[in-house]
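Let me begin by handing over the structure; questions about it come next.
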Amino acid sequence: MNAGFAEGGAERIRQQARVISGLELPEERETALLETLAVHALGHCGRGDVPEEMEGALAVLLARLFREGLERPVSSVKRGDTAITYDRQQPSAEALLAPFVRLRSPERSWKRDAGA
């Protein structure tokens, strides 16, 4: 896995997710879900690494994937003119990852474009 985990970080995240969710999936499925989650989280946060402080947030999100899969829980459905309401009791991925977001400076891209 090349998501930039700290030494043993991927296994710590998987272990925490198993404890939180109360589930253990086949190893290849856990690995695939963790890789997908890590790529999404790193892209969202503008990072190239997963610091140890971020592992807990990823474990919570991975546990959610263990329980729910890739589908969001729905709290209500209305048929006439179609309305779906998603369950918002759990904190969103963006809220859990917010402390780890690196600000993207447009100045950096200007310097890169100018050849600096």
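Quantities reported herein were computed from a predicted structural model and do not represent experimental measurements.
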task = Please name all residues satisfying side-chain contact (heavy atoms from CB on, under 4.5 Å) with A32, sequence neighbours left out, ordered by chain then number.
result =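 If we apply the side-chain contact (heavy atoms from CB on, under 4.5 Å) test to A32, skipping adjacent residues, there are no hits.
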Nearest-0.5 Å distance, CZ of residue F66 to CG of residue L34 =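 The distance works out to 8.0 Å.
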request  = Give the cluster check for L58 versus L23: same hydrophobic cluster or not, with ILVMFWY residues linked at side-chain heavy-atom distances below 4.5 Å.
outcome  =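 Same cluster.
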query = If you look at every heavy atom in L65 and L37, which pair is closest and at what distance?
reply =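 Nearest pair, atom of L65 first, then L37: CD1-CB, 4.3 Å.
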message = Using 0.5 Å steps for rounding, measure from the CD atom of E7 to the CZ atom of R12.
response =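 The CZ atom of R12 is 8.0 Å from CD of E7, to the nearest 0.5 Å.
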ask   = For A63, what residues pass the side-chain contact (heavy atoms from CB on, under 4.5 Å) criterion, not counting sequence neighbours?
value =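 Testing A63 for side-chain contact (heavy atoms from CB on, under 4.5 Å), a comparison that skips the adjacent residues, returns A17, I20, S21, R67.
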inquiry  = For Q16 versus G56, what's the shortest heavy-atom pair and its separation?
reply    =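 Looking at all heavy atoms of both residues, the closest pair is OE1-CA, 3.8 Å.
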key: CD-CG distance between E28 and L33, expressed to the nearest 0.5 angstrom   =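 That separation rounds to 11.0 Å.
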task = Might you point out which heavy atoms bring E55 and A6 nearest each other, and give the distance in Å?
result =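 Answer, listing the atom of E55 first, then A6: OE2-CB, 4.2 Å.
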key: Minimal non-hydrogen separation, F5 against A38, with atom names   =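 The pair with the smallest heavy-atom distance is CZ-CB, 3.7 Å.
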key: Residues in side chain to side chain donor-acceptor pair (under 3.5 Å) contact with R18, at least two apart in sequence or another chain   =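 For R18, the residues satisfying side chain to side chain donor-acceptor pair (under 3.5 Å) (neighbours in sequence not counted) are E11, Q15, E30.
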